[in-house]
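Below is one structure, written out as structure tokens; the observations come after it.
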Protein chains: 2
Amino acid sequence: MPPPPWRRGTDKPVRQQLGVPAIVAAAMRIMDREGLDAVSMRRVAQELGTGAASLYQHVRNKRELHELILDEVFRDLDVPEPDPTRWQQQLKDLCLDLTRIMLAHPGAAKIGMETLIPTTPGVLVGMDAMMGYMRVGGVPDHLIAKACDPLALMGTAFAYEASLWTTSAAGRAEAHRRIDEIEAYLDSLPHEQLPHLTALRKQIRDEDDGWANFELGIDIFIAGLATYATR
Amino acid sequence: MPPPPWRRGTDKPVRQQLGVPAIVAAAMRIMDREGLDAVSMRRVAQELGTGAASLYQHVRNKRELHELILDEVFRDLDVPEPDPTRWQQQLKDLCLDLTRIMLAHPGAAKIGMETLIPTTPGVLVGMDAMMGYMRVGGVPDHLIAKACDPLALMGTAFAYEASLWTTSAAGRAEAHRRIDEIEAYLDSLPHEQLPHLTALRKQIRDEDDGWANFELGIDIFIAGLATYATR
DNA sequence: TTCTACATACGAACGCCGTTCCCGTCAAGT
DNA sequence: ACTTGACGGGAACGGCGTTCGTATGTAGAA
């Protein structure tokens, strides 16, 4: 039973109850629906029915808000216990999963690239798991510290690139326009210019499936890594 | 003999001679000095002593201007003839060189990441060379088309990340602050949480040299690629 | 119960941004 | 000499991140 109207202090509804979780949730809603560029302080505030200034009580600045989104996304990562007999598969799965969750929230990958060293808990859990797989696989410690970075970078960078054109129909159209441009350019050139690009035109056009492409990239890297393993 | 002063139409000097090369040169000057974010239409126009609107006669929009910068940067790449006996070294050198020139102009890497598929001549020359090395190395054609992408992506992504903190003292300080944050966080946790991250703390802190790190990443990838080569 | 102090909410404003409109001006073609 | 069309650039539109100052609801003190 609601309180009678005359007891309400104001005709305005109850004062907004802001808070970090509400803000992050709103931001993610906007990001998934309209893309990362739409996640501005003003737009998020609007989503919550308030003004931009209010957000600064809970969040230092836009960058911090973005990092909070990234953390939220990483919480979807699940990390099985390392198993020495199939560490390569596990490592690969983790990389693919990492990329998958970023693609599930286009925009997250961009945040991942822009954030120097993500320090939020969700991200650290993922890093720890990745290191674990390499350790049980017998990759030397000094190598792990160095290999972790490019591996995570590959996943993030791929997700970033993919989200550029996967998201919108406009992006996809743009990509095809670009490929056509290149083909036209190749045609306009004497054949001895750019011979390899010319020879591989077919393969490039066929290779439409970016994901298989990426999966292979990870395979290659892990194959290289296994070369260095001692066990 | 110059015309007498009273014959001049205005006291202003001769009409500005704009043009794409002048604009790109000015933009690069600003980028190298103040970073990519400072390369705004207004700022570039100011550098040329004119208004922002004037630039739109020569350049479709800001994105196109950025791509022109990227092309200019890629012109610094030099590409030796492929040599079947040392294709791996050549491939590695190209990747490193690619990354080096991007690091020489911080901001270029960000453009490279943001640009869906760069179609400018300078970039295509680099791609062609990369494919050439793999072909003489006996990497199967269908694989080349797929491997080229992640390889270029690794270089670009690394240069991007590196330029985030290499450029300014502020960035470097930020990076160290982040590492300290992580260490403090690890200390505050029960030991069984994040065990691998904890175990590798030393290696992570020591590994200060990002470049060696990246070089190793490329090595690993090429080692993996050689696994697939038939010759 | 009334008053006070404090944390929070938020309108307004500052100085940026990309882009477009529109008009003045100059140079080349007729 | 006149016309025309391409180019330069001022002003304006709508949006941005962030800060300042003030209003407001609440919790604790008197």
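Proteins get letters first, then strands, A, B, ... in listed order; numbering begins at 1 in each.
- As a whole-Å value, the separation of Leu55(A) CG from dA9(C) P is 10 Å.
- Between the C1' atom of dC16(C) and the CD atom of Glu34(B) lies a distance of 14 Å, rounded to the nearest Å.
- Annotation: side-chain hydrogen bond (donor to acceptor under 3.5 Å, both in side chains) contacts of Glu34(A) (sequence neighbours excluded): Arg43(A).
- Protein atom CD of Glu47(B) is 18 Å distant from nucleotide atom C1' of dG8(D), rounded to whole Å.
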Protein-nucleic acid N or O pairs under 3.5 Å, nucleotides 13-18 of chain D:
unit_1, atom_1, unit_2, atom_2, d
dC16(D), OP1, Ser40(A), OG, 3.0
dG17(D), OP1, Lys62(A), NZ, 3.0
dG17(D), OP2, Met41(A), N, 3.0
dG17(D), N7, Arg42(A), NH1, 2.4
dG17(D), O6, Arg42(A), NH1, 3.2
dG17(D), O6, Arg42(A), NH2, 3.0
dT18(D), OP2, Tyr56(A), OH, 2.9
dT18(D), OP2, Lys62(A), N, 3.0
dT18(D), O5', Tyr56(A), OH, 3.4

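- Taking the side-chain hydrogen bond (donor to acceptor under 3.5 Å, both in side chains) definition, one finds that Ser40(B) meets it with nothing, sequence neighbours left out.
- Shown here are the ring pair (Phe, Tyr, Trp, His ring centres under 6.0 Å) partners of Phe158(A), two or more places apart in sequence or in another chain: Phe214(A).
- Dashed line: the shortest gap from a side-chain N or O of His58(B) to OP1 or OP2 of dG8(D) is under 4.0 Å.
- Side-chain nitrogen and oxygen atoms of Ser54(A) include none within less than 4.0 Å of the OP1 or OP2 phosphate oxygen of dA9(C).
- Among residues two or more places apart in sequence or in another chain, the side-chain hydrogen bond (donor to acceptor under 3.5 Å, both in side chains) test is passed with Arg178(B) by Glu67(A), Glu174(B).
- Atoms CD (Gln57(A)) and P (dG25(D)) sit 16 Å apart, rounded to a whole Å.
- Listed for the Asp128(B) side chain is a donor-acceptor partner under 3.5 Å among the backbone atoms of Leu197(A).
- At least one side-chain nitrogen or oxygen of Thr50(A) sits closer than 4.0 Å to the OP1 or OP2 atom of dC10(C).
- With sequence neighbours excluded, no residue satisfies salt bridge (charged side-chain N to carboxylate O under 4.0 Å, His left out) with Asp93(B).
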